Amino acid sequence: MHIVEEDLYKVSCRIDRLDMRQHGITLDDLMNRSPLGKMFLKKAAELAKERTDYEWPDCAYSMKMDIYNDHVLVVFSERIDDYLYNLRTSAAALSGEQADGMEKMIAFISMAEEDEARDIIRRFESNVRDSY
């Protein structure tokens with residue numbers, strides 16, 4: 001694995017086929033989030049964060065996965081702008097009242113200072129976890 005810090009709270013992890021073989025996982029494990037794939041991604045995120053010299057906020061987590069012929073590039077982020085991008089994508093798939101509620105929350109987060117935005121995100125993430 002090759003890990004690169006792209007920005008504050010954002011790191012990329014290049015995983016080649018040898019890395020996957022050594023860890024006993026396949027591309028399908030990563031794409032389908034099999035139990036083994038989830039464990040691998042969790043460990044990769046931990047390793048990537050450990051490579052930075054600062055404390056991560058532990059909220060607004062997002063992950064992006066790009067698949068190439070010879071490797072997979074996974075970007076782990078706790079940046080608010082990346083989180084908002086993902087919320088907007090989710091909101092586009094919703095309809096009616098749900099979409100309106102999501103858009104309002106996105107607007108509140110967008111207008112807030114970082115500490116306040118993270119508080120809003122933490123409450124949202126907690127509510128989502130508690131509803132399952």
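What you see is a predicted model; the values in this text were computed from it and never measured.
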At what distance, to the nearest 0.5 angstrom, does CG of L27 lie from CE of M65?
8.0 Å

Which atom of F76 lies closest to which atom of A48, heavy atoms considered:
CD1-CB, 4.2 Å

Nearest heavy-atom neighbours spanning M20 and T26:
SD-C, 4.1 Å

Check whether D82 reaches the backbone of R79 with its side chain - one donor and one acceptor, N or O, closer than 3.5 Å.
no

Correct closest heavy-atom pair for C59 and R122 would be CB-CG, 3.7 Å

Out of curiosity, C13 SG to R51 CZ, how far, rounded to the nearest 0.5 Å?
8.5 Å

What closest approach, in Å, do F40 and I15 show between heavy atoms, and which atom pair accounts for it?
CE2-CD1, 3.5 Å

For atom CD of E55, decide whether the heavy atoms of other residues, nucleotides or ligands shown that lie under 6.0 angstrom number more than 12.
no

Given V11 and V4, is the side chain to side chain contact (heavy atoms under 4.5 Å, CB included) satisfied, shown in steps?
CA-CA 6 Å; V11 292; V4 174; over 6 Å; no

Salt bridge present between D19 and R17 (N-O < 4.0 angstrom)
no

Using the rule that Ile, Leu, Val, Met, Phe, Trp and Tyr join whenever any side-chain heavy atoms are under 4.5 Å apart, tell me whether V128 and I106 fall into a single cluster.
yes

For residues K38 and R33, report the shortest heavy-atom separation together with the two atoms involved.
CE-O, 3.2 Å

Same cluster (ILVMFWY, side-chain, under 4.5 Å), V74 and L18:
no

Side-chain contact, heavy-atom cut-off 4.5 Å: M63 with Y61?
yes

Give, for atom CZ of R123 and atom CD1 of I120, the distance between the pair rounded to the nearest 0.5 Å.
6.0 Å

As an exercise, state the distance from NZ of K49 to CD1 of I3, rounded to the nearest 0.5 Å.
12.0 Å

Checking side-chain polar atoms at under 3.5 Å, does S12 have a donor or acceptor matched by the opposite partner on E6?
yes

Residue pairs fulfilling ring-ring contact (aromatic ring centres under 6.0 Å, His included) with at least one residue in residues 2-21, sequence neighbours excluded
Y9-Y54, Y9-W56

Under the 3.5 angstrom rule, does the side chain of R14 hit a backbone N or O of H71 as a donor-acceptor pair?
no

Heavy atoms from other residues, nucleotides or ligands near CG of D70 exceed 12 (cutoff 6.0 Å)
yes

Is a donor on one side and an acceptor on the other found under 3.5 Å between the side chain of D7 and the backbone of K10?
no

Same cluster or not: are L73 and M1 linked, directly or through other Ile, Leu, Val, Met, Phe, Trp or Tyr residues, by side-chain heavy atoms under 4.5 angstrom apart?
no

Sequence neighbours excluded, which residues qualify as side chain to side chain donor-acceptor pair (under 3.5 Å) partners of H23?
none

Drop me the distance from E78's CD to D58's CG, to the nearest 0.5 angstrom.
5.5 Å

Which atom pairs, donor and acceptor, lie under 3.5 Å between side-chain atoms of residues 87-102 and protein residues at least two apart or in another chain?
unit_1 : atom_1 : unit_2 : atom_2 : d
R88    : NH2    : S110   : OG     : 3.4
T89    : OG1    : Y85    : O      : 3.0
S90    : OG     : N86    : O      : 3.2

Could you tell me which non-hydrogen atom of I25 sits nearest to which non-hydrogen atom of D29, and how far apart they are?
CA-OD2, 3.3 Å

Look at atom CD of E113 and say whether more than 12 heavy atoms of other residues, nucleotides or ligands are closer to it than 6.0 Å.
no

Give a yes or no on whether the backbone of A60 and the side-chain of E125 come within a donor-acceptor separation of less than 3.5 Å.
yes

Side-chain heavy atoms nearer than 4.5 Å, only ILVMFWY residues, links allowed to pass through others: does that put L8 and I121 together?
no

Check whether V72 and M31 end up in the same hydrophobic cluster, where Ile, Leu, Val, Met, Phe, Trp and Tyr are linked by side-chain heavy atoms less than 4.5 Å apart.
yes

